[in-house]
Participant: 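Encoded as structure tokens, here's the structure I'll be asking about.
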Amino acid sequence: MASAGAANNDGAGASSLAGASNVGSSGSAGAPSAGTGAGAAATAGNPGGGTENATAGSGGSLTNPSETYPLPDAATLKDEDGSSLWLRYPLVPIPGRLAEYQAAFTTVVSAADTPSINAAEAELVLGLSGLTGKTVQVAPAVTGAGAVVLGTATSAAIKDLPLVARLTPLGPEGYLIEHAEVGGQAVTVVAGNSDVGVLYGAFALLRHLQMHQPVGELALSGSPKIKNRLLNHWDNLDGSVERGYAGKSIWSWASLPGSASSAVLKNYARANASIGINGTVLTNVNANAQALTAASIAKVKAVADVLRPYGIKAYLTARFSAPREIGGLSTADPLDAGVKQWWAAKIDEIYAQVPDFGGFLIKANSEGQPGPQDYNRTHADGANLFADALKGRGIVLWRAFVYSDTSPPDRIKQAYEEFKPLDGKFNANVLVQVKNGPLDFQPREPFHPLFGAMPKTPLALELQITKEYLGEDTHLAYLGPLYEEVLKADTKLNGTGPTVAHIIDGSAQSYAVTAISGVANIGSDTNWTGSHMNQANWYVFGRMAWSQDISAELVANEWVRQTFSNDPMVLTPVVKLMMQSREALVSYMTPLGLAHIMGSDHHYGPGPWINDLSRAEWNPVYYHKADAQGIGFNRTAQGSNAVGQYSTAVGQALGARASVPDELLLFFHHVGWTEKLASSGRTVWEELVYRYSHGVDEVGSMREAWATVKGRVDAKRFKAVDDFLQTQHYEARWWRDACLAYFGDVSKQPLPAGYAPLAKTLAEYKALKSQCPTDVTKPRCTPVYSGSPSPAITP
Ligand code: GCW
């Protein structure tokens, strides 16, 4: 996946974090919290990460109407292409609820004529008309029952209502939705403390209705805790997307500014506003200086103008050497006066065109990117250069994803070693952006030890939505449980707490500025994300960026109701398979804390044997350390002592065999193949065989669950999801068989009884490198798509 400036070949590969079970996290990995989501509680929020409260006349939880959902007929189950995402607003199919909505929502009355309130009005007209099957009109005033009144706390129709007292504390982006009396009529008020707050309220009301919730005692409210909730697009100016599996870049950079008027950008803005995302970084962190030319700034302006009404700011990535590359300067030294002047002028030039420009995201001195260390300056010197020029206008997100090219003893320790000494040295408008784990977006890792280690420096969390290491476009892996695990990870700095969520929402260490980033999975594909199910990952990122306390299961419940159906016959099996998907993938790819054992460069398919890349820490063998005696990376005090970078409580728990969770065992310990695990009584080898095989069979049960919704989901999307599940099942078997072939060969351990034999030889798996994949943006491996992958655990 070549891209301008991308120095990464396999180096950028591996990383991992997660904090399953109670060490380093409070979430128990993978086990869905309660039931299958049908009745999942709808309250998300306590004083911590963002709030969202819903009472709708049924005691505060998502309800399933007592009415039975009819089996849809061909007329109502038209094929869909996924382009509407979760903003589909289909006619409510249950008569009671339909009648309730038709009575409650007849007109929309806006208290102001501003871009964001107009966007809210248009969305409500579209949504309410779709859901009620009636044309909902815009009216200048309340003239009868069923009006939805939009406005802020200062709007004439709203300012004297009692609800204003409850609205004010919700902050600048907060919203409140309640019944009230206006003009002597019972109405529904959608109020915000700002126009964008009203827009968020409109989307929250439509989400509530799309989930067929009662509106008798409507009282919804929400306010985000984290101020900047961003997507990071690794989009190149040539239209390619690094680690993108959903087609070309949606910006169509070459045809900007003209193409900014396309419906795509507007729908992109609607989708993001509906989940509370308020910032987007347009360009790849492997940055191109051409993104900062006058011509490019005009393109950014065009995009920013489309996004602004939806409360979304545009950001860019800055190539540190731009003063030399496009500025004609001989240096890019951050302390050089000419360089400071150049950036100050460049930033003024941007603000002249984009008055609400968000700021810069910067990857420096990482994977070959230029940076301040090229001038023997620190990361703080580099970041503060931009911070000074952006002061009072924008923020700097300075990435901590660094590892040197002199093959350190333990790559995962480097970011901590480089950044911790700089705590408190960054200007107030700088956040250090830290990946969820110390390695690189693996299916599971411990949380990054920098969280909690820089009390004087705001830290932003970087999550990956695109599935670079989790099956790219095809594999169904709902990332909600991973995100929840990270956010709820307990740093134990104070014995108990703070969690990573409380670090990044600023409550634990009183950060003045807060941010969370998600590396986008969006492209020009009709379904936006390469598969229908990948849409859920964009959705859950937004929902958890807004409210860090919301559960993955509740979000899956919301998404399935809006994207497919509220029918329990669909909801129950689909939420269940989504909630088991990430853990299944961990099992068939990197069980027991293994990490970074995938194919080189494209990171697709298994490659635990790889040992020929130029830098040691790019090779899978560097991470699993498998030898005749055992497997796993010794990061204890007797090894690289990476555990020493955590709080004492977490470090000791991870560093001891008795307390390290099985899910992280081989991430922190090198253990003998025949050592028995206390949890299962199996040897390490037998446990690997069990987990790899269990993972494959889990995909089998996900396929069976999806099959049950046939006829209740439109045929087109049903088939697309079903086909990808089949591909995933084959590839899960490939992962299992290839990894066990290799580890079996190294350990000389036989496959225990009760397991399906390996389909091919180790040599045959190694040889697949020349055939798979042919297209790294849509990776496939047809030579392994045969036979029946399950049962891998034979009865
Ligand atoms: O995850 C790795 C990827 C690179 C990426 C890098 C990073 C944008 O393999 O493609 O580069 O990390 O996060 O900077």
Side-chain angles (χ1 to χ4, degrees), residues 1-17 230-238 240-246 249 281-288 291 315-320 360-371 379 397-405 411-412 414-415 418-419 432-445 448 450 460-472 479 482 517-523 590 595-605 607 610 613 615 617-620 622-623 776-777 779:
M1 159 92 50
S3 66
N8 69 324
N9 45 29
D10 210 49
S15 84
S16 50
L17 183 181
L230 290 79
L231 288 180
N232 295 181
H233 289 259
W234 286 353
D235 291 26
N236 299 312
L237 307 188
D238 66 2
S240 65
V241 180
E242 186 159 342
R243 310 303 177 188
Y245 313 102
S249 168
V281 183
L282 310 186
T283 48
N284 192 352
V285 286
N286 291 324
N288 184 328
Y315 296 69
L316 284 173
T317 50
R319 186 166 172 80
F320 201 81
F360 288 120
L361 169 65
I362 299 166
K363 174 179 180 177
N365 294 122
S366 164
E367 296 188 327
Q369 293 298 301
H379 286 291
L397 292 151
W398 191 269
R399 294 177 90 226
F401 179 65
V402 294
Y403 60 96
S404 84
D405 48 15
R411 164 183 156 173
I412 76 158
Q414 181 137 357
E418 264 191 52
F419 278 84
V432 170
Q433 179 161 304
V434 182
K435 289 190 177 188
N436 56 288
L439 188 33
D440 190 11
F441 296 140
Q442 290 294 304
R444 170 166 283 122
E445 300 177 38
H448 199 298
L450 274 174
L461 170 63
E462 182 178 309
L463 294 166
Q464 199 172 41
I465 308 171
T466 188
K467 302 199 326 297
E468 174 184 354
Y469 297 100
L470 286 95
E472 290 84 11
L479 301 179
L482 188 160
S517 278
V519 180
N521 64 349
I522 298 162
T590 54
H596 196 275
I597 57 174
M598 69 292 148
S600 308
D601 242 349
H602 45 64
H603 301 166
Y604 167 72
I610 297 170
L613 296 164
R615 285 167 48 171
E617 82 287 356
W618 284 351
N619 289 299
Y622 173 95
Y623 293 93
V776 296
T777 68

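Start at 1 with the first residue, then count along the sequence. Counting starts at 1 for both ligands and their atoms, in listed order.
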Participant: In terms of side-chain heavy atoms, does D235 have a donor or acceptor partner in S249 at a distance below 3.5 Å?
Facilitator: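 Result is yes, a qualifying pair exists.
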Participant: Go through ligand 1 atom by atom and flag the ones less than 4.0 Å from a non-hydrogen atom of E242.
Facilitator: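 Within the 4.0 Å cut-off of E242, ligand 1 contributes 4 (C), 5 (C), 8 (C), 10 (O), 11 (O).
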Participant: Using distance alone, determine whether E462 and ligand 1 share an N or O pair under 3.5 Å.
Facilitator: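 Between E462 and ligand 1 (N or O atoms, distance only) the closest approach is not under 3.5 Å.
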Participant: Are any of the N/O atoms on K363, whether in the backbone or the side chain, positioned under 3.5 angstrom from an N/O atom of ligand 1?
Facilitator: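 Yes, at least one N or O pair falls under 3.5 Å.
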Participant: Please verify the inter-ring angle class for F320 with W398; under 30° counts as parallel, over 60° as perpendicular, anything in between as tilted.
Facilitator: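 The rings of F320 and W398 stand perpendicular, inter-plane angle above 60°.
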Participant: So, R411 and E617, do they make that salt bridge, N to O below 4.0 Å?
Facilitator: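 Between E617 and R411 there is no salt bridge, as every charged N stays at least 4.0 Å from the carboxylate O atoms.
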Participant: Could you report the tightest heavy-atom contact between A364 and G371, atom names first, then the distance?
Facilitator: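 That would be CB-CA, 3.8 Å.
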Participant: Show which atoms of ligand 1 fall inside a sub-4.0 Å distance from at least one heavy-atom site of R243.
Facilitator: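 Ligand 1 atoms under the 4.0 Å threshold to R243: 3 (C), 4 (C), 9 (O), 10 (O).
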Participant: Please indicate whether any nitrogen or oxygen in N284 is less than 3.5 Å from any nitrogen or oxygen in ligand 1.
Facilitator: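 It does not: no N or O of N284 is found under 3.5 Å from an N or O of ligand 1.
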Participant: Identify, by atom number and element, the atoms of ligand 1 in contact range of F401, meaning under 4.0 Å from any of its heavy atoms.
Facilitator: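 Close to F401: 6 (C), 7 (C), 12 (O), 13 (O), 14 (O).
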Participant: Any N or O of E468 that comes nearer than 3.5 Å to an N or O of ligand 1?
Facilitator: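 Yes, there is a polar N/O contact under 3.5 Å.
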Participant: Which atoms form the tightest heavy-atom contact between R399 and E462, and what is the distance?
Facilitator: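 Closest pair (atom of R399, atom of E462, distance): NH2-OE2, 2.7 Å.
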Participant: Are a donor atom and an acceptor atom from the side chains of Q464 and R243 found within less than 3.5 Å of each other?
Facilitator: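 No pair is found: no donor N or O on one side chain lies under 3.5 Å from an acceptor on the other.
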